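Given the structure is predicted, the values throughout are model-derived calculations rather than measurements.
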Amino acid sequence: MTADVDTAMAHAAPPLAPGAPSSTRRRWSRLRAAIAVLVTQLAILIVFLAFWEHATPKNSAAAFMFGSPSAIAGFLGQMVRDGSLWRDTSITGMETLLGFFVGNLVGTLIGLSLWYSRFVSRVVEPFVIALGSIPIIALAPIVIIWFGTGLISKVAMSTLSVVIVALVTSYKGAVGVDPDQINLMKTLGASKFQIFRKLVVPASLTDIFAGLKLTVGFALIGAIVGEFMSSSDGLGHAIFKAGSLYVIPKVFAALVVTIALALVLTFLVGKIERLLMPWRHHV
Amino acid sequence: MMAQPSIHATTAATSGGTVPPLVVEHMAKSYDHHGRIVPVIADLSLTLREGEIVSIVGPSGCGKTTLLNTLCGLLVPDTGNIRWHGREVTGQPQNVGYMLQKDLLLPWRTALGNTMLGLEIRGLAAAEAEDRSRALLDQLGLHGFADHYPSTLSGGMRQRVALARTLVNEPDVLLLDEPFAALDFQSKLLLENDMLALVRKGRRSLLLITHDIEEAVSLADRVIVLSKRPTQVKAAYEIELGSDRTDVIALRERPDFSHHVRRIWADLDVVLQ
Ligand SMILES: Nc1ncnc2c1ncn2[C@@H]1O[C@H](COP(=O)(O)OP(=O)(O)O)[C@@H](O)[C@H]1O
Ligand SMILES: [Mg+2]
């Protein structure tokens, strides 16, 4: 019968030839499209910066009000030289990472485990919605009273900004699992825990990672808001101090660093996603 | 593979007195649809004998999927009883394989990983589970594709993996719900042939739900026709198509094949909507 099946399969499914010409060609055209996007993005950025620079001559009122790319670059250079760039970035980065990690860990664990019990999740739902609607900024004074003005209060702010989103996205992923798939697991004799571990958790990864990407920004905002309220270092503090001294290019310089930090963190999450979900990039 | 011929061969040899793997008696099932009770299965009895292949055909929406889900313990019947090997079972029956039109492969597992799922759940040693799964994938013509993710496989190949995932657990009884309905005609015939060979060789019993009358006739020893909802058995036919039932393509050429098909078609009483 083996021989029969083999000839049968020759009709049913021609073996995929690895590295067939069409696949290399497709990879090329995808690369070209990516380059075109990047070039256009750079062009927009350059035009924008050139216009900004041109519209704000040195020592003009406009330069004072809006700063200018060259002035911003000057402050960036100064921040690198006096070491504040690295110090502020690493402090804010640390707060953000800790808040991101703790918030997502706690939120995801709760969100996924709510899958276990419809009853519990229905009891919890209005509370989650209520907590999710609290503007985190409003909590900042309380957080500082509770946790002091050090690292912990910023991590707490960052965690609070993340945890509800992580909870909701992971719960959504868990309850969105195809019921037929769950039935199949049951007919294979799986226990509830096996269904959870072998089906629900991996199936929720897509939603969990969507949540992770979203919460990078929230974690950063939480940390910076915490620093605004009370701090002696970090990017939020640098922005706040420069702002209160009307040194607008320095505000922008610190913002540029903040954006760069957000981009790096988002990139890292994407890398981890690729690492943990290889099947999605295997086509 | 499928190393259990001895037991089955002997029970088959001494057949007659053996308990059928599946007996359904006067089963009824209804749904509660927004507070309104909708009867789906009115009164249904059937027997699946050992090594027998039974096809169930019936108008769409008559409750075939409901029947199958009830048989494998995913739904609870309102009345009647279901006996597996003579015993009533609560929850999932043992040694029953279940397969749907949707392949339901886990996208994060390779073909091999998907095939091993049931063995893994039952706690079989990984090495043995892998050996058995690889061997079965080979037999189903998927040699060299064991380490592919489902997203890189064709529809026909994915359904082959789903079949491997079902068969690797060596179920006594297979419950298949329109398993080939989504496939193109050629893939379907080839997969039917391969499935038939494996089922017959392992002396497994098969309950096959299909809306494809030709598929039902070419594969089954018996075809049960269900009525419209609320569902009952409308008719049952023994399909006598000679002793060699291994080649579904050749079977379709026989004159008595189209005779069976026409009779069942008439029974189904299909009206254009
Ligand atoms: N969970 C459910 N709740 C209410 N009605 C259902 C449910 N599942 C199926 N039905 C209804 O029961 C009938 C039979 O469905 P099904 O068993 O899927 O039919 P078939 O598989 O024969 O096409 C259909 O009319 C369908 O609308
Ligand atoms: Mg159906």
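- To the nearest 0.5 angstrom, A/Leu184 atom CG is 7.0 Å from B/Leu117 atom CG.
- Looking at B/Leu105, only its backbone comes within 4.5 Å of chain A, counting heavy atoms on both sides.
- With chain A as the partner, the residue from B/Arg109, B/Arg122, B/Lys102 showing the most heavy-atom pairs under 4.5 Å is B/Lys102.
- Side-chain atoms of A/Gln181 come within 3.5 Å of backbone N or O of B/Leu104 as a donor-acceptor pair.
- Interface remark: of the candidates A/Gly189, A/Ala190, A/Ala203, A/Pro202, A/Pro202 forms the most heavy-atom pairs closer than 4.5 Å to chain B.
- Taking NZ of A/Lys198 as the reference point, atom CG of B/Leu106 lies at 10.0 Å (rounded to 0.5 Å).
- In this structure, A/Ile152 places its CD1 atom where only 12 or fewer heavy-atom neighbours from other residues, nucleotides or ligands lie under 6.0 Å away.
- Taken to the nearest 0.5 Å, the OG1 atom of A/Thr187 stands 12.5 Å off from the CG atom of B/Leu71.
- Counting heavy-atom neighbours within 6.0 Å of A/Tyr116 OH, excluding the residue itself, gives a total above 12.
- There is no contact between A/Leu205 and chain B, counting heavy-atom distances below 4.5 Å.
- Atoms CG and OH, on A/Asp180 and B/Tyr98 in that order, are 6.0 Å from each other to the nearest 0.5 Å.
- The two atoms that bring B/Ile121 and A/Leu188 nearest to each other are CG2-O, 3.6 Å, heavy atoms only.
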